[in-house]
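Okay, so here's the structure we're looking at.
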Amino acid sequence: MTEQTPEDLRYTEAHEWVRTLESGRVRVGITDHAQSQLGDVVFVELPDVGAEFAAGDALGEVESTKSVSDIYAPVGGTVVEVNTALEGTPELINSSAYGEGWLLELEPTEDGAAAVAALLDAAGYRELTAGA
Amino acid sequence: MDLISGPLDDRHLALGATMGPFGGWSMPISYPGGTVAEHTAVRAAVGVFDVSHLGKLQVSGPGAAEFVNSCLTADLARIGPGQAQYTLCCTESGGVVDDLIAYLDGPDSVLLVPNAANSAEVLALLRAAAPAGITITDRHRDLAVLAVQGPRSAELFATMFAGFGGIADLDYMAFTEAGSVRVCRTGYTGEHGYELLVPWEQAAGIWDGLLAGAASLGGVPCGLGARDTLRTEMGYPLHGQDLSPDITPVQAGSSWAVGWSKPAFWGRAALLAEKEAGPTRRLRGLRATGRGVPRAGMTVLRDGEAVGVTTSGTFSPSLKTGVALALIDTDAQVRVDDVLSVDVRGRGLEVVVAKPPFVPSHVR
């Protein structure tokens with residue numbers, strides 16, 4: 001069960017991934033490593049569209065049979081979309097952490113591109129989790 | 001402290017198990033399929049668990065059964081040789097040192113299976129109390145313990161132990177020997193099932209056979225994560241959470257495991273007094289009606305006022321909702337179907353008081 005860490009994403013030390021979309025928005029999810037550590041996800045608590053967060057703010061929770069983890073804003077911004085499919089099928093996070101299991105999209109506050117660029121790249125994230 | 005490895009460590013690693021510390025042992029928490037899939041396999045088909053971390057204490061000598069019966073709570077005189085019994089090891093103040101299974105071989109031999117973390121303490125207490133001629137041997141690393149649980153477990157056993165007629169049809173809590181393997185109709189999941197005591201060096205072969213047989217019946221290996229969700233759905237207490245030196249069997253609803261008419265057992269006076277006076281708190285089941293999962297150690301409230309604390313809590317894969325066991329103050333006069341709230345990290349989770357099991361039992 002090799003953990004996946006796609007090259008085209010950026011990562012946080014709190015085990016979120018970030019994908020910059022063409023619109024400039026960023027899509028956020030939790031990594032394959034994170035879902036594997038959590039085990040079966042049973043509930044996801046997401047913020048309301050329109051809510052604003054600074055980088056590092058707790059913006060939701062992912063709860064598994066074992067434990068609950070906070071989700072932190074990887075960059076500052078306003079929530080513009082949340083993945084409503086997770087309400088009924090939270091297990092999408094386990095089956096497709098980088099795809100259908102995405103959590104939400106943020107409109108970055110200012111200079112989102114620089115904020116995203118400052119996050120870990122795939123090699124950096126693999127290094128972070130190698131000892132885990 | 002270094003963790004102890006059981007006899008199936010290489011098997012678990014080859015299966016890709018997530019291992020975790022459990023009572024000083026390194027044990028499988030789950031396999032790559034995940035806890036929910038393992039849980040579902042046990043409810044629908046069959047699951048195979050390695051629970052070799054459980055203790056094994058052999059009590060031998062003239063009057064061994066009588067000695068055990070004068071220490072532990074359940075009345076061993078109510079069963080005969082070839083039967084097992086759930087019992088408790090209490091302190092003189094009525095708290096629970098451990099809950100365990102006693103296998104009665106005969107008047108001069110009883111095998112006790114305590115929890116891993118408490119095995120040494122139960123051993124020390126029994127040794128300190130044992131009269132001359134009674135010996136207690138720690139067989140913790142002589143025997144593996146495997147649990148095979150689920151509606152298709154009988155089918156699996158009928159095939160696997162075909163040479164030992166009738167094993168699959170054992171009565172509930174009865175045991176027998178299949179060669180060097182002891183098979184008992186017991187378990188901790190609420191399903192029809194068996195637990196096997198297997199000589200350490202034979203464990204891998206038996207495990208492989210059980211897994212191969214289970215696979216053809218839709219079964220899978222299961223970790224301690226699933227064991228916990230399964231037992232919580234049944235409302236079975238876990239020592240260290242729902243039973244402890246601070247929680248008596250009268251409070252935990254385990255009075256059925258106490259032989260009240262016995263002349264002696266540890267904690268008898270204190271427990272009789274508590275039973276007479278009525279416990280000040282009682283273990284109750286809580287079923288979440290809102291989204292969220294109650295966990296152990298959370299405050300239970302009614303109309304904003306604390307009425308108790310959760311001792312176990314998890315997501316129920318069968319009900320797809322949170323369930324919990326909680327010690328509720330007797331004074332609060334809480335009844336089944338009452339609506340309470342659990343403080344889940346500052347948010348109120350609405351729960352309904354329910355009488356466990358949360359899902360129907362099929363043990364018999």
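In what follows, chains carry the letters A, B, and so on, assigned in the order in which the sequence lines appear, proteins first and then strands, with residues in each chain numbered from 1.
Sequence neighbours left out, the pairs with a member in residues 7-22 of chain B that pass side chain to side chain donor-acceptor pair (under 3.5 Å) are B:S5-B:D9, B:R11-B:D208, B:H12-B:Y31, B:H12-B:D50.
The minimum heavy-atom distance linking A:K66 with B:I29 is given by the pair CD-CG2, 4.4 Å. In terms of heavy atoms, B:V36 sits closest to A:D40 at N-OD2, 2.6 Å.
More than 12 heavy atoms of other residues, nucleotides or ligands sit less than 6.0 Å from atom CD of A:E81. Environment of CZ in A:R27: crowded, with over 12 heavy atoms of neighbouring residues, nucleotides or ligands closer than 6.0 Å.
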Dump the intermediate steps for side-chain contact (heavy atoms from CB on, under 4.5 Å) on A:V68 and B:V293, then the final yes or no. CA-CA 9 Å; A:V68 59; B:V293 182; over 6 Å; no
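Salt-bridge check for A:E63 with B:R295: passed, with a basic side-chain N closer than 4.0 Å to an acidic carboxylate O. Ion pair A:E61/B:R347 flagged as a salt bridge, since at least one NZ, NE, NH1 or NH2 atom sits closer than 4.0 Å to an Asp/Glu carboxylate oxygen.
Heavy atoms of A:S36 lying under 4.5 Å from chain B are absent altogether. In this structure, no portion of A:V41 lies under 4.5 Å from any heavy atom of chain B. Heavy-atom distances place no part of A:E91 under 4.5 Å from chain B, backbone and side chain included.
Here the straight-line distance linking atom CZ of B:R291 with atom CD of A:E45 works out to 5.5 Å at 0.5 Å rounding.
The choice from B:S30, B:G292, B:A37 that makes the most heavy-atom pairs within less than 4.5 Å of chain A is B:G292.
Residues of residues 314-327 of chain B placed with any heavy atom under 4.5 Å of a heavy atom in chain A are listed by number as B:T314, B:F315.
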